[in-house]
Visitor: 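Below you will find the structure I want to go over with you.
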Amino acid sequence: ERERRMSAARVGVSSLASDFWSHYASDTTPRMRLIDAFLVFLLVAAAVQFGYMLLVGTFPFNSFLAGIFVCIGVFVLTVALRMHIKRENHVDISPERAFADYALACIVLFLVVLLYMG
């Protein structure tokens with residue numbers, strides 16, 4: 001009985017994942033997929049930095065915090081860019097203006113983090 005339920009759950013999860021991927025692949029533009037890939041990269045970069053901190057230590061702690069803050073900050077700014085570019089959100093600014101705002105915010109973020117590191 002329990003194995004039957006477990007196999008049904010596995011089939012349900014794999015069906016859910018395949019349905020999600022087919023809808024994502026058919027409904028998402030290449031530009032959005034590129035942004036999503038960059039978001040995944042930012043998450044992996046933050047996880048690698050955190051893992052390095054656990055293995056090696058936190059001697060230059062402000063450098064560790066700066067790296068994590070950059071990953072989190074750029075992740076948040078990229079999600080905001082994705083929300084502005086997506087057509088279904090009916091935002092009143094152009095994609096070019098959204099990207100210019102994104103680039104300016106990233107420059108300010110990088111300068112703040114650079115000053116934080118000292």
Visitor: Just distance, no hydrogens or angles: give the donor-acceptor pairs under 3.5 Å from side chains in residues 31-55, sequence neighbours left out.
Guide:
| residue | atom | partner | partner atom | Å |
| --- | --- | --- | --- | --- |
| R33 | NE | T28 | O | 3.3 |
| R33 | NH2 | A25 | O | 3.1 |
| R33 | NH2 | T28 | O | 2.7 |
| D36 | OD1 | R82 | NE | 2.6 |
| D36 | OD2 | Y24 | OH | 2.5 |
| D36 | OD2 | R82 | NH2 | 3.1 |
| Q49 | OE1 | I68 | N | 3.2 |

Visitor: When you group the ILVMFWY residues by side-chain heavy-atom contacts below 4.5 Å and let the links chain together, are F110 and L77 in the same group?
Guide: yes

Visitor: In Å and rounded to the nearest 0.5 Å, what is the OH to OG distance from Y116 to S63?
Guide: 9.0 Å

Visitor: What's the spacing between I85 CD1 and E96 CD if we round to 0.5 Å?
Guide: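 Reported value, rounded in 0.5 Å steps: 9.0 Å.
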
Visitor: In the single-linkage hydrophobic clustering (I, L, V, M, F, W, Y; side-chain heavy atoms under 4.5 Å), do M83 and Y102 co-cluster?
Guide: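 Same hydrophobic cluster.
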
Visitor: If hydrophobic clusters are built by linking Ile, Leu, Val, Met, Phe, Trp and Tyr wherever their side-chain heavy atoms come under 4.5 Å apart, do L104 and V112 end up in the same one?
Guide: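 They do not share one cluster, since no chain of ILVMFWY contacts under 4.5 Å joins L104 to V112.
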
Visitor: Do M117 and F64 sit in the same hydrophobic cluster, where Ile, Leu, Val, Met, Phe, Trp and Tyr count as joined when their side-chain heavy atoms come under 4.5 Å apart?
Guide: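 As far as the 4.5 Å side-chain criterion goes, F64 and M117 are not connected within one cluster.
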
Visitor: Run through the side-chain heavy atoms of Ile, Leu, Val, Met, Phe, Trp and Tyr, join any pair under 4.5 Å, and report what else lands in L114's cluster.
Guide: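 Joined to L114, directly or through intermediates: none.
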
Visitor: Among all residues two or more places apart in sequence or in another chain, which pass the salt bridge (charged side-chain N to carboxylate O under 4.0 Å, His left out) test with R97?
Guide: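 Residues passing salt bridge (charged side-chain N to carboxylate O under 4.0 Å, His left out) with R97: D101.
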
Visitor: Just verifying a value: how many Å separate D19 CG and S14 OG, rounded to the nearest 0.5 Å?
Guide: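 The OG atom of S14 is 9.5 Å from CG of D19, to the nearest 0.5 Å.
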
Visitor: Linking I/L/V/M/F/W/Y whenever their side-chain heavy atoms sit closer than 4.5 Å, directly or via other members, would F61 and I72 fall into one cluster?
Guide: yes

